[in-house]
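Scroll down for the structure; my scribbles are underneath it.
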Amino acid sequence: MAQIVAVTACPTGIAHTFMAAESLRRAAAQAGHTLHVETQGSVGTEGTLTAAQIAQADLVILATDVTVDESRFAGKTIVRAGTQDAIRDPGALLARAGSAGAPAAAPQAGPLHVVGITACPTGIAHTFMAAEGLEGGARKLGFTAKIETQGSVGAGNTLTPDDIARADLVVIAADTNVDLSRFTGKRVYVTGTKPAIKDGAAVITTAQAQATVHGVTAAGGADASSPDYVAQAAAAKAAKNAGTPAFYKHLMTGVSHMLPFVVAGGLLIALAFAIGSFQFGDQGIFIYEDRYAGTLGNTLFKIGANGAFGLFVPVLAGYIAFSIADRPGLAPGMIGGFLAGLTGSGFLGGIIAGFLAGYLVLWLTRAIKLPRTLEGLKPTLILPLLGTLGVGLLMMFVIGQPVAAALTGLTAWLQGLGNTSAALLGALLGSMMAFDMGGPINKAAYTFSTGLLGAKVYGPIAATMAAGMTPPLALFLATLVFKNRFTKDEVEAGKAAGVLGISFITEGAIPFAARDPLRVIPSLIAGSAVAGAISMAAGCLLRAPHGGIFVLFIPNAVTNLPMYVAAIVAGTVVSTLMLGILKKPLGADGLPLNAARTPVAAD
């Protein structure tokens, strides 16, 4: 029986905070432990831990999704986790805590060599922040580490066969599925990027205890039949362990591979209009018409619209299926996505085709049993053939036409929106962009908006980019105008946030939101909603789905450019003012001036 104290906290301080506390109480009671839980959130602190309770505690559990003050637990064994860990499996968390509180085992001879991969849907902010977290955590533990980064910008710091051969432990911190076939026979642990960003040392420590040998059967031999299927199963398990729904991970894998096609195509189309305007004046806006065939502008338009945009739905569908069923799902998914274009069902049909192909091929993988000598036929012949046949027939005869009708209706509705309705949609998209700044809700708004580009609907993507630029820009401006509301470190971080903001990387606001979510997040949502609403109401259109402020200098890339700039400025100012109102001035010690302070004894 152990004496345990715990703190639970989530950004809103409501649902997950109290669910995590109740789950821990029940699990502790069943295990015979004494547990005192403190809950922190927007409704205040409840069950505040006393100094006596902390002093008597054998260990401390911090089940939090936000940063909490740990100074009062100095000298105590601390186990850190998220609220979802406590809600989903409190027994495992208590067992992990018990292991952490037990006497340490004899250390391994020499430092561990850790290798890993980090990846997020865009492959920009979270990817590199997670890599830094793991590398810093390894240094803190006295280990060596090499972390490969994967994303839409390609692979960086690539792991060599020698790196993998020398590795004692493999850590995958990814929000998209990662090919694990290179790590067969190695101890592998899979989680999301957020735990690695929050505490890389804790992730590596957990990996030491929970990593399993990849690609090995229960009998101890390699599963020669299909190691890639084992990788897919491990990734699906990792999605559950990381608290991320498998559906979202599969969708984001498709989106991350689709983005380069959308961005390249959008920028080429924008350049085509710019060149057309230089060559033909006002008529350059019609550069896509056959009368301009053979001109540079018309050629660039065809490359962007017919080439890049023509491929993005098949790529989206193909990599959704790849995420679910690995390589055998790629061909059926891409072909299903291509058929979505033929039937007019667009990106909605592509998403459906991707999931349909993935799960159909996964089912076929498990249902078809062949002698080991013929197993090689499954991924190269049987699965692609049957998967393509099934998906193709369903798309052509069952799914394509109804989804095409729905997409046509959605497109007509969006194009026919009045100013008021457009402003409401823009405000909704803007709020979603700022709500979790790179999380599932943000990505849902961006995916919806980019998907509509194939239907020549350019208003929503303009609103989402304006709203996505606003949060980091507002924090940059707030650290200048209301400098006394921020610590010195935050003021310095504000400069970097400004650079990320003009580049349309909303994740630049995450460190500020993590430190003070109850004041920062509502402020950012308000400003982004204003930016999105003004952009949509003013009829601003954006033909390049990324690039931030740099796209604005391309002629005709943005329709109604003055109002678009006004939308970004207005949203930034609203968020900045709200930050100045909601955040309180700080004292020399970094605490709000009206906060209670521990009195200092006189000499």
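In what follows, residues are counted from 1 in the order of the sequence shown. The figures here come from the full heavy-atom set of this structure, side chains too, leaving out hydrogens, waters and symmetry mates.
- Counting heavy atoms from C-beta on, the side chains of R519 and R485 never come closer than 4.5 Å.
- Residues M252 and T447 have side chains in contact (heavy-atom distance under 4.5 Å, counting atoms from C-beta outward).
- Of the possible polar contacts, one joining the S575 side chain to the S523 backbone as a donor-acceptor pair under 3.5 Å is found.
- Judged by distance alone, with hydrogens and angles left aside, the side-chain atoms of S323 form no donor-acceptor pair with the main-chain N or O of Y319 at under 3.5 Å.
- The side-chain heavy atoms of L112 and Q208, taken from C-beta on, include a pair separated by under 4.5 Å.
- Side-chain atoms of T160 and D163, non-hydrogen and from C-beta on, do get closer than 4.5 Å to each other.
- Tested against T64, the residues K198, R80, Q40 include a single side chain to side chain donor-acceptor pair (under 3.5 Å) partner, K198.
- A434 approaches P471 most closely through the heavy-atom pair CB-CG, 4.1 Å.
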Q) Checking side-chain contact (heavy atoms from CB on, under 4.5 Å) for the pair F73/V7: CA distance, chi angles, key distance, verdict? A) CA-CA 11 Å; F73 305 122; V7 177; 3.9 Å; yes

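- For the residue pair V188 and F183, the shortest heavy atom distance occurs at CG2-CB, 3.8 Å.
- Of the possible polar contacts, one joining the E148 side chain to the L159 backbone as a donor-acceptor pair under 3.5 Å is found.
- Atom-to-atom distance recorded for F504:CZ and I549:CD1 is 14.0 Å, nearest 0.5 angstrom.
- In terms of heavy atoms, S449 sits closest to L429 at OG-CD1, 4.2 Å.
- Side chain to side chain, K140 and T205 fail the donor-acceptor criterion of an N or O pair below 3.5 Å.
- Between V114 and T144 there is no side-chain heavy-atom pair separated by less than 4.5 Å.
- Of the inter-residue distances, the one linking I87 atom CD1 with E22 atom CD reads 11.5 Å to the nearest 0.5 angstrom.
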Q.
For T479 and F512: C-alpha separation, side-chain torsions, deciding distance, then whether side-chain contact (heavy atoms from CB on, under 4.5 Å) applies.
A. CA-CA 11 Å; T479 57; F512 295 87; 4.1 Å; yes

Q: Verify side-chain contact (heavy atoms from CB on, under 4.5 Å) between M258 and T450, making sure each step is shown before the conclusion.
A: CA-CA 10 Å; M258 173 195 81; T450 52; 3.8 Å; yes

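- In terms of modelled atom types and a separation under 3.5 Å, the side chain of K186 and the main chain of A167 share a donor-acceptor contact.
- At least one donor-acceptor pair closer than 3.5 Å links the side chain of K76 to the backbone N or O of A55.
- Under the 3.5 Å distance criterion, the side-chain polar atoms of D58 are left unmatched by any main-chain donor or acceptor of I4.
- Between the CZ atom in F128 and the OG1 atom in T149 there is a gap of 4.0 Å [rounded to 0.5 Å].
- Looking at K583, its side chain never comes within 3.5 Å of a backbone N or O of N484 through a donor-acceptor pair.
- Of all heavy-atom pairs spanning L316 and I351, the tightest one is CD2-CG1, 3.8 Å.
- Within the 4.5 Å cutoff, the side chain of F448 has no heavy atoms near those of the T464 side chain.
- Looking only at side-chain heavy atoms (C-beta outward), L579 and F482 stay at 4.5 Å or farther from each other.
- The shortest non-hydrogen separation linking P472 to I505 is CG-O, 3.8 Å.
- In terms of heavy atoms, F435 sits closest to I521 at O-CG2, 3.9 Å.
- In the displayed structure, R26 atom CZ is contacted under 6.0 Å by at most 12 heavy atoms of other residues, nucleotides or ligands.
- Note that CD of Q3 and CD of Q53 are 9.5 Å apart. Values are rounded to the nearest 0.5 Å.
- Side-chain contact between V5 and R72 is absent, with no heavy atoms from C-beta onward closer than 4.5 Å.
- With hydrogens and angles disregarded, a donor-acceptor distance shorter than 3.5 Å links the side chain of E38 to the backbone of L49.
- Within the model, atoms CE of M469 and OG of S528 stand 11.0 Å from one another, a figure rounded to the nearest 0.5 Å.
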(Q) For R327 and D179: C-alpha separation, side-chain torsions, deciding distance, then whether side-chain contact (heavy atoms from CB on, under 4.5 Å) applies. (A) CA-CA 10 Å; R327 290 184 183 87; D179 180 12; 3.1 Å; yes

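- Considering CD1 of I147 and CD1 of I172, their distance stands at 8.5 Å, rounded to 0.5 Å.
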